[in-house]
Amino acid sequence: MDISIVFRIAAVGILVAVLNQVLIRAGREEQAMMTTLAGLVVVLFWVIHYISNLFDTVQTLFQL
Amino acid sequence: MEFIKIVTIGIIGTFLALSLKKNAPEFSVAVIIITGIIMVFTIIGKLSESINALKDIYLKTGLDFSYMKIVMKVMAIAYISEFAVQICKDAQCGLIASKIEIGGKIIILSLSVPIITELINTVTTILS
């Protein structure tokens, strides 16, 4: 399995954190909240994809 | 060799998670989950070999195969609930972790009821 997904998620996290700070300083708290949520949704899609892979692997592994 | 890969992935994951902890806590949990999953994928091959060996040994004993299936299911449930419990504990959600644990135990208990009744039956037939 490639480890690039870990770096991708960390990059999205850092990007969203920086964007959050910039937007808060610019006085737009709502947009800051929205960008955090958007980043979170994207990351959740990747995580759920990997979790479903894990469950399929465990199922085939234990021959269920 | 596999083990070294796991150790490096784990260390990289912890560093990334800690760096994200302060200003983006949700993403640190995501990084922790993904590093856990990738570490499992790198080592899962070895586990499947040993499970097949166990199955062959079990088939030699000539016992009914359904018991082995229940044992396999219990092992799978135990592993997945352990995985989820550790993630929740890591994210400081102890309550959710204990609920998952209780759910896993209940399912394992419900799976093992037929084996227990079978055992009681054999014991009573031997004694009577």
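Quick note on labels: first sequence line is chain A, next is B, and so on, each numbered from 1.
- Contacts of Val40(B) with chain A are made by side-chain atoms alone, with heavy-atom separations under 4.5 Å and no backbone atom involved.
- Here the rule is side-chain contact (heavy atoms from CB on, under 4.5 Å) with Ile32(B), and of Asp90(B), Leu16(B), Leu20(B), Ile37(B) only Asp90(B) fits it.
- Residues Val58(A) and Phe83(B) fail the side-chain proximity criterion, which asks for heavy atoms closer than 4.5 Å.
- Proximity to chain A (any heavy atom under 4.5 Å) is shown, for Lys22(B), by neither the backbone nor the side chain.
- Aromatic ring pairs are classed by plane angle as parallel below 30°, tilted from 30° to 60° and perpendicular above 60°; the pair Phe65(B) and Tyr58(B) is perpendicular.
- Put simply, of Asn20(A), Leu40(A), Val43(A), the one with the most heavy-atom pairs under 4.5 Å next to chain B is Leu40(A).
- Proximity to chain B involves both the backbone and the side chain of Gln63(A), based on heavy atoms less than 4.5 angstrom apart.
- A distance of 10.5 Å separates CD1 in Ile24(A) from CD in Glu30(A), rounded to the nearest 0.5 Å.
- With a 4.5 Å cut-off on non-hydrogen atoms, Leu44(A) does not touch chain B at all.
- Of the atoms belonging to Ile51(B), it is side-chain heavy atoms, and not backbone ones, that fall under 4.5 Å from chain A.
- For the pair Leu61(A) and Tyr79(B), the minimum side-chain heavy-atom distance is 4.5 Å or more.
- Heavy atoms closer than 4.5 Å to chain B are found in both the backbone and the side chain of Val47(A).
- For the set Ser48(B), Ala76(B), Ala17(B), Ala24(B), the count of heavy-atom pairs under 4.5 angstrom toward chain A peaks at Ala76(B).
- For the residue pair Ala30(B) and Ile9(A), the shortest heavy atom distance occurs at CB-CG2, 4.1 Å.
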